[in-house]
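Numbers here are sequence positions counted from 1.
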Amino acid sequence: MTLLRASDYKRMPWKNGGGETVEIAIFPPASSVENFDWRISMATVASDGPFSIFPGIDRTLSILEGNGMALAIATDDPLLLTMESPPLPFPADVAVNATLPDGAVTDLNVMTRRSRFRHVVKRHSGPFSEKAAGNTTLVLALDPLTILTGEGKDRLGKLDGLLIEGGLPFTVEGDRSESAFFLITLERL
């Protein structure tokens with residue numbers, strides 16, 4: 001298990017130079033935005049514009065804060081993604097244009113190299129127990145919570161994460177009954 005504190009996340013410019021991303025975790029650890037197998041990050045989107053293109057990558061986007069973002073993916077009609085929307089998976093190697101109908105948003109971005117990994121992103125709230133699936137599971141706290149495993153107990157603040165290796169049972173307990181978190185499963189192909 002690896003505890004990830006929001007205060008330690010790495011900040012860097014977007015691939016297209018249009019903003020800043022906050023990298024939560026990347027694999028392999030020394031990789032870059034050009035050669036990762038998987039990458040989990042957050043970004044504040046403050047203006048309309050195109051997404052960076054990542055050849056051979058699948059991505060899932062979720063809204064963490066703000067009033068939503070409309071995404072025109074490839075030639076499809078725009079789809080409004082809000083904090084209440086389920087995470088949206090789409091290929092990162094097609095043209096995507098974002099429009100902000102009501103101000104800036106902060107998003108959660110999960111990307112995997114489709115020839116090596118696949119991922120699933122789900123939003124949960126309240127108490128939760130499961131066995132870590134895939135090779136790695138990340139619990140990303142949206143509210144303060146505690147994660148219990150056979151290896152001990154970890155306290156997470158807002159936007160802290162815990163990487164859990166596959167097969168390890170864990171329980172998430174929030175400070176409130178509706179404490180929310182994202183569960184991200186990463187599986188090697």
Side-chain angles (χ1 to χ4, degrees), residues 4 6 9-27 31-125 133-134 136-143 158-161 163 180-187 189:
L4 306 170
Y9 296 158
K10 182 178 173 184
R11 295 180 175 277
M12 65 188 68
W14 286 351
K15 184 178 172 184
N16 69 8
E20 183 181 66
T21 187
V22 177
E23 188 173 271
I24 297 169
I26 193 167
F27 182 84
S31 56
S32 70
V33 295
E34 299 300 328
N35 63 2
F36 63 83
D37 284 348
W38 59 258
R39 183 171 186 262
I40 303 168
S41 62
M42 298 179 290
T44 298
V45 182
S47 61
D48 298 348
F51 273 35
S52 300
I53 299 285
F54 289 88
I57 300 295
D58 288 322
R59 97 189 310 165
T60 298
L61 204 70
S62 306
I63 302 297
L64 296 171
E65 294 178 356
N67 294 320
M69 176 169 50
L71 296 178
I73 301 170
T75 59
D76 294 341
D77 290 334
L79 175 66
L80 182 62
L81 188 61
T82 67
M83 288 177 34
E84 292 77 29
S85 302
L88 178 66
F90 58 94
D93 49 8
V94 300
V96 177
N97 196 60
T99 305
L100 301 170
D102 192 17
V105 299
T106 301
D107 65 33
L108 172 65
N109 187 41
V110 178
M111 296 191 287
T112 49
R113 188 161 309 281
R114 75 174 60 98
S115 63
R116 296 187 193 143
F117 275 83
R118 68 176 155 223
H119 68 270
V120 176
V121 180
K122 294 181 180 175
R123 183 183 171 115
H124 292 277
S125 61
T136 303
T137 296
L138 173 71
V139 177
L140 182 69
L142 299 179
D143 299 300
K158 183 175 182 178
L159 300 179
D160 288 346
L163 283 170
F181 61 95
F182 278 97
L183 187 65
I184 301 163
T185 303
L186 302 153
E187 184 176 3
L189 300 177

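Between the side chains of T60 and H119, at least one donor N or O lies within less than 3.5 Å of an accepting N or O.
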Stepwise side chain to side chain contact (heavy atoms under 4.5 Å, CB included) check, S62 with V121: CA-CA 9 Å; S62 306; V121 180; 4.1 Å; yes

Going through the checks in order, is the side chain to side chain contact (heavy atoms under 4.5 Å, CB included) test met by L183 and V139? CA-CA 5 Å; L183 187 65; V139 177; 3.9 Å; yes

Does V105 form a side chain to side chain contact (heavy atoms under 4.5 Å, CB included) with T44? I'd like the steps, not just the answer. CA-CA 6 Å; V105 299; T44 298; over 6 Å; no

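The OG1 atom of T82 lies 9.5 Å from the CG atom of L79; values are rounded to the nearest 0.5 Å. With rounding to the nearest 0.5 angstrom, the CZ atom of R11 is 12.0 Å from the CD atom of E23. Note: L159 CG to Y9 OH = 6.5 Å, rounded to the nearest 0.5 Å. Annotation: the span from T137 atom OG1 to L163 atom CG amounts to 9.0 Å, rounded to 0.5 Å. Residue I24 holds its CD1 atom at 6.5 Å from CG of L138, rounded to the nearest 0.5 Å. In this structure, OG on S52 lies 13.0 Å from CG on D93, to the nearest 0.5 angstrom.
Checked by atom type and distance alone, the side chain of D48 pairs as donor or acceptor with a backbone atom of L100 at under 3.5 Å. Although no hydrogens or angles enter the test, the distance criterion places a donor-acceptor pair under 3.5 Å between the side chain of S32 and the main chain of E34. Using modelled atom types, no side-chain atom of D102 and backbone atom of N67 make a donor-acceptor pair closer than 3.5 Å. Without hydrogens or angle criteria, R39 side chain to I26 main chain gives no donor-acceptor distance under 3.5 Å.
By the neighbour-count criterion of 12 heavy atoms within 6.0 Å, atom CZ of R123 is densely surrounded, having more than that number from other residues, nucleotides or ligands.
Using cut-offs of 30° and 60° on the angle between ring planes, the pair W38 and F27 is parallel.
Looking at T112 and F36, their side chains never come closer than 4.5 Å, going by heavy atoms from C-beta outward. Contact annotation: the side chain of F90 approaches that of V96 to within less than 4.5 Å [non-hydrogen atoms, C-beta and beyond]. Contact annotation: the side chain of V94 approaches that of I73 to within less than 4.5 Å [non-hydrogen atoms, C-beta and beyond]. Counting heavy atoms from C-beta on, the side chains of M42 and T21 never come closer than 4.5 Å. Within the 4.5 Å cutoff, side-chain heavy atoms of V45 are placed close to those of M69. When side chains are defined from C-beta on, L80 counts as touching P101, because their heavy atoms get closer than 4.5 Å. Looking at P87 and F182, their side chains come closer than 4.5 Å, going by heavy atoms from C-beta outward.
Nearest heavy-atom pair, L189 versus R114, reported as atom, atom and distance to 0.1 Å: CD1-O, 3.1 Å. Across D58 and P91, no two heavy atoms sit closer than the pair OD1-CA, 3.9 Å. The minimum heavy-atom distance linking A180 with D143 is given by the pair N-OD2, 2.8 Å. Pairing each heavy atom of P78 with each of A70, the nearest pair is CB-CB, 4.3 Å.
A side-chain contact (heavy atoms from CB on, under 4.5 Å) with L108 holds for exactly one of L142, I40, L61; it is I40.
A cation-pi arrangement is absent between R59 and F54, since the terminal nitrogen or guanidinium carbon is not both under 6.0 Å from the aromatic centre and inside a 45° cone about the axis.
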